[in-house]
Structures are given as C-alpha cells and as structure tokens.
Amino acid sequence: MKILVCITYVPDTTSKIAFTEGDTKFDKSGVQFIIGPYDDYALARAVELKEAHSGTVTVLNVGEAETEPIIRKALAVGADDAIRVNAEPIDSFFVAKQIASVAKEGSYDMILMGRESIDFNGGMVHGMVGELLGLPSVSPVMTLEIEGNKAKMSREIEGGKEYLEVDMPFVAGCQEPIAEWKIPNMRGIMSARTKPLQVVEPVDSDKATVLDKYELPPSKGEIKMIDAENMEELVKLLKNDAKVL
Amino acid sequence: MSILVFVESAEGKIKKTSLEAIAYAKEMGGEVTALALGEIATAELEDLGNYGATKVLHAADSKLNDGIIQAYASVIAHAFEQESAEILVLANSSLGTPVSARVALKIEASLVSNVVDLPDTTDGFKVKRSIYTGKAFALVDMGSGKKIIAIKKNAAEVKEIGGKATVEAFSPALDDKDFATQITSIDKATGDVLLPEAEIVVSGGRGLKGPENWGMVEDLASSLGAATGCSKPVSDMDWRPHHEHVGQTGVKVSPQLYIAIGISGAIQHLAGVNSSKYIVVINKDPEAPFFKAADYGIVGDAFEVVPKLTEAIKNAQ
C-alpha cells in the first residue's frame, strides 16, 4: 500500500498573529512553525495503516527550504521518504497543482491530508487534487479503515456522521479522531536524518487569487462583570443592550 | 449579472446558511438562480423567492438525495454553464466547501472560502475572508473571470421580501463515475439545534466535573433554544460526543451569543468561538483567560449560577 501524505507548514496554534510590510506579509518573527494539526492526524493514520497492512508512507510538502524541520519530524514519526516542492504555497489552486503533479508520478493508493490548513482555512486542496487526478475526494474524514481494495470512512456532517465506502485510489481530508498524534522517539529522530528527502521544482500554475492586504479583527471592548447572585441583570443586558435574546 | 446559488437542505428544509447565501447574492445586485439537489417539496423551493431567488433549478433525482461530493460538483458545474452564470455563491459547510473546490476546476473559476462580507467592487473584485481560524482577515482580489464565493455564517442577513420563485426541473445526465463514493448510513445527532448553525450556543468545559452534570447545561440551552457545545478535553474524555467539540480543531461557531461554562479559555478553544457576536463566561476562577475574550463575565460556581440563569431566562419570557 502506497500512501502519500501532504503536510502544511503553519504557525503553532498558540501563535500571536501579526503582519508586516504594510499588512501584506505574515510576521514570522518569534513564531514557531508546526505540521498542520489536521495534517498531523492524517500522517498518524497513514503510519498506522502502513503498520497494519504493510506499505510505504511518502510525505509531501509544498514550501521553501525553511519547512525541512517539519518534514524531518514527519519522517521521525514513521514516514519512509519525503518530497518537497520548492515553492511558496501561494494559494490552494497552486498547491493542488503541485500535489497532483507529484501524485501522478507515484501511483499512490491514497492521498491523505488535513481537512484544511490552519493558516488559510480554505479546505479546498483535497477536492482540487481529486478533481485534477479524476479521483474521488472525501472530507472531513473522521475514521478510515482499509478492507481489501475498499476504504471505509466516516465523514463529519453538520450535526452528525455519514458512513461511506470508496475503492482505492482516493483523496481524503482528515480530522480528529482519525488517529492520535504521534510523538517522535529518539530512534525515529535518528533514522529520520538519513531518510530520503527529494526536492523538486514546481510545475507552472496560474495564480487564481491575489492578496490585497491582511487585517486584524477589532479588539474586544471592556468586559462587564455581573454579580453571580444577579442573573436577572445579565438577562436584562442580553435582552436590551446586546439584543440577542 | 447572473448568480447561481447552491442551496443545501436538511430534512426537507432549506438550511438557514443557504438562505444567507441567497441574501448575499441578492445584495450583490444579481439575478439570483438557486440550485437544489435531491427530493425536496416544490413549495419549499418556491418559497426561496421570498428570500431573493427569482428562479430555482431543481435536480430532483433521488440519486442526489445523499451529498456525494463528486456528483454534486458535476451537477453544479453543469447548472452554472447552462445558466451562463458569472458567480456561484454557496455556504461553507462540510459538504459545500469540498464540493466548491471541485466545481472551481470544472468551470475554471477563482474560489475563495470563509468570506465574511459583501465584495468590494470599487477597484477590482475584492472579498474579505476569515483566516488563521478567525484571528485575522485577508482581502483578496478574485480577478475578472468566473468566481465562486463560499460564505461564512452571518456574511449576509436573511431578509424576507415576499414573492415566489419559479421552479424549473433540471435533469443533467449523471455519470456513474461520480458515484464511486457510496454512502452506507448516516447518524444524526439527537439535539434539536445544529451547533454550526445555532444562533445561541451553550458550552461546558472540565469545570462541570463529569458528564452526569450536563443536565443543567441542556436545561439552559433548551430555555434559550440553543445548541450545546463543549471544550476539547470534554470530548477527548468522551463526556460529550466529538461533534460538540468547539475549537481550533473542532466546530467553529459564529452565533449571536456564546455562553461558556467552566471553560478556562485556551487559545485553541477561543479560535472556535472568536466570531461570536457576544460571549458570556461563567467561571469560578477570576483569572480564567476566557474573561479577556468575553463581553459579560460571572465569577461563581457554575452549579449555582447556571440554574439561576436558566430560571431568570424563563421568568423573562
């Protein structure tokens, strides 16, 4: 079984978000970058499936050289080899094109990734990759089991869960609780250093959207504290001031 | 300008988020055609005229009752081309978002999701999208070609303007290849109000000490017609089902009112609630970080405060 796992390079979930250069660039100073949390779930499940069914896990990242530490981390938790497409991931369409181009070369049984990246939250790349490759795409996937050539999944829907089946190959955008995040152990970290990491140049792609600028939300006003004995006052405020009741 | 709006339904009713998509398209000043898939009563579709749709295309084939991503994408692309539409508007959802990604490639459109406001067309075609899980926004120019706008909840206000839409049958050829994914069953959550769409959300955290104490959360929620949510530790410990987990890696909510009970307010939880209009925090620890993100705060024991609040709400009704 050949599995391709696509990972994003994103700011840690606790990062303070700020912009520079006239609000046109994300301010990376002091920011810790991690494997996208949803991608990390996909990676963990891929490693489990590989262990259960035998096969290989290839990690793919579209990013510049700065992303290599997180690629090594993915190798340390159990991926066998990695490919980095040497380009800034400018938008979903661009990234999807790069992934599809790599995937065409590898005849993978499944292409897994997170349901969305936590920087742009687009949730588009899995669908676009599926469309580019003519493969089914499913997202957001909460469980994934393989039986023979068939994948059995559950997908989160508003207020519930949908169970579905699809033959391999397919593309899936994953989320919890598909697997528990894996923490690399010393042996994994050592072996990751020598696992193959291939760097490829991007294929041409038009930019579909152009960033104008970033902005931060307006800051919250003062909090109003209400006496725990006086819930009538809270109800009054919610009714008359906030007008939400 | 011809705008196609893909509308989703649940239990035979068009979802409120889809009505917002129609309102959004109408506000843009377009001629709005809605597209509904699967078996839905004609009267329900005609009623979309009341919200701004002139016409409704109805692909009523029962094969489309289940939301199969590829099949939906093909049908939407087909309708877009048939109508010579310039823009597709839809609501972000677990179905709409992945579907729109495939449609974008089929019709060669630029696509932006999580859009929070109407486009600014004074110079180009700029939309504002939520990024970094609600912690920032990006203004994006979508260019001059075909466009797909996937809107976040509350991007437009639903208005009833009266009138009925004309419903037209739409029967595109369905390709078996698009039905490679088979839906075998669906589990519906029991609550009356769906969390991602709720106007009021009441959430509980570890401060509630155990799943047996959720009765008072549910009582408060039912007095408000609210959906119930929870923090990540609570769903991780299986006190509550996963689909109630609100936060960075769970459901992102944007209700009018969010009430947090016994939740300390980790940054990952705040990421899921930061587009709520008003936030009430009830916590016995006055240092809980959630108070910094709240509009109204109550320092007190949830087991005393919550029943009092429920009673005060009932008395005020």
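Since we're looking at a predicted model, the values are computed, not measured.
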Residues B/Gln248 and A/Thr13: side-chain donor-acceptor under 3.5 angstrom: no
Does any heavy atom of chain B fall under 4.5 Å from the side chain of A/Leu135, the backbone, both, or neither of them? backbone
Chain A contact via B/Lys232 - side chain, backbone, both or neither, heavy atoms under 4.5 Å: side chain
Answer with side chain, backbone, both or neither: which region of B/Val99 has an atom nearer than 4.5 Å to a non-hydrogen atom of chain A? neither
Applying a strict 4.5 Å limit to non-hydrogen atoms, the region of B/Ala293 in contact with chain A is backbone
Under a 4.5 Å heavy-atom cut-off, does chain B meet the side chain of A/Ile118, its backbone, both or neither? both
Using side-chain contact (heavy atoms from CB on, under 4.5 Å) as the criterion, point out the one residue from B/Val140, B/Asp120, B/Leu139, B/Val127 that pairs with A/Asp212. B/Leu139
In terms of heavy-atom proximity below 4.5 Å to chain A, should B/Ile267 be classed as side chain, backbone, both, or neither? side chain
Using non-hydrogen atoms and a 4.5 Å limit, figure out which bit of A/Lys152 sits close to chain B: side chain, backbone, both or neither. neither
Heavy-atom contact with chain A under 4.5 Å, split by part of B/Ala294: both
Proximal component of B/Leu224, with respect to chain A [non-hydrogen, under 4.5 Å]: side chain
Below 4.5 Å from any heavy atom of chain B, which atoms of A/Phe170 appear? Answer side chain, backbone, both or neither. neither
Would you kindly say whether A/Glu158 and B/His243 are connected by a side-chain donor-acceptor distance under 3.5 Å? no
For chain B, which of A/Pro217, A/Ser15, A/Pro140 has the most heavy-atom pairs under 4.5 Å? A/Pro217
Examine whether an atom of B/Ile298 lies under 4.5 Å from a heavy atom of chain A, and if so say whether it belongs to the side chain, the backbone or both; otherwise answer neither. both
Donor-acceptor pair, B/Thr184 side chain versus A/Tyr163 backbone, under 3.5 Å? yes
Please classify the contact between B/Lys126 and chain A as side chain, backbone, both or neither, with a heavy-atom cut-off of under 4.5 Å. side chain
Side chain, backbone, both or neither: which part of A/Val244 has a non-hydrogen atom closer than 4.5 Å to chain B? both
Classify the ring geometry between B/Tyr132 and A/Phe26 as parallel (under 30°), tilted (30 to 60°) or perpendicular (over 60°). parallel
Between B/Ser113 and A/Gly122, is there a donor-acceptor pair closer than 3.5 Å when you use the side chain of the first and the backbone of the second? yes
Is it true that A/Asn121 and B/Thr133 share a donor-acceptor pair across their side chains at a distance under 3.5 Å? yes
A/Met142 versus chain B, the contacting section by heavy-atom distance below 4.5 Å: side chain
B/Gln182 portion near chain A, given a 4.5 angstrom heavy-atom threshold: both
Considering only heavy atoms, which portion of A/Ile17 lies under 4.5 Å from any heavy atom of chain B: side chain, backbone, both, or neither? side chain
Would you check, one step at a time, whether the test salt bridge (Lys or Arg N to Asp or Glu O under 4.0 Å) holds for B/Lys308 with A/Glu232? CA-CA 9 Å; B/Lys308 274 186 196 144; A/Glu232 288 72 24; over 6 Å; no
Using non-hydrogen atoms only, which part of B/Ile200 is less than 4.5 Å away from chain A: side chain, backbone, both, or neither? side chain
Identify which of A/Lys243, A/Arg155, A/Lys239, A/Lys16 forms the greatest number of heavy-atom pairs closer than 4.5 Å to chain B. A/Arg155
Report which part of B/Glu197 has an atom under 4.5 Å of a heavy atom belonging to chain A: side chain, backbone, both, or neither. side chain
Need one label for B/Asp295: side chain, backbone, both or neither, based on atoms under 4.5 Å from any heavy atom in chain A. both
Taking every non-hydrogen pair under 4.5 Å, which of A/Val129, A/Thr14, A/Leu216 racks up the most with chain B? A/Thr14
Which bit of A/Tyr214 is near chain B, if near means a heavy-atom gap under 4.5 Å: side chain, backbone, both or neither? both
A/Arg115 (side chain) donor-acceptor with B/Thr249 (main chain) under 3.5 angstrom: no
Given heavy-atom pairs under 4.5 angstrom as the criterion, report whether the side chain, backbone, both or neither of B/Lys177 touches chain A. side chain
What option among B/Ser275, B/Ala227, B/Ala180 has the most heavy-atom pairs under 4.5 Å with chain A? B/Ala180
Bottom line for B/Gln256: the part with an atom under 4.5 Å from chain A's heavy atoms is both
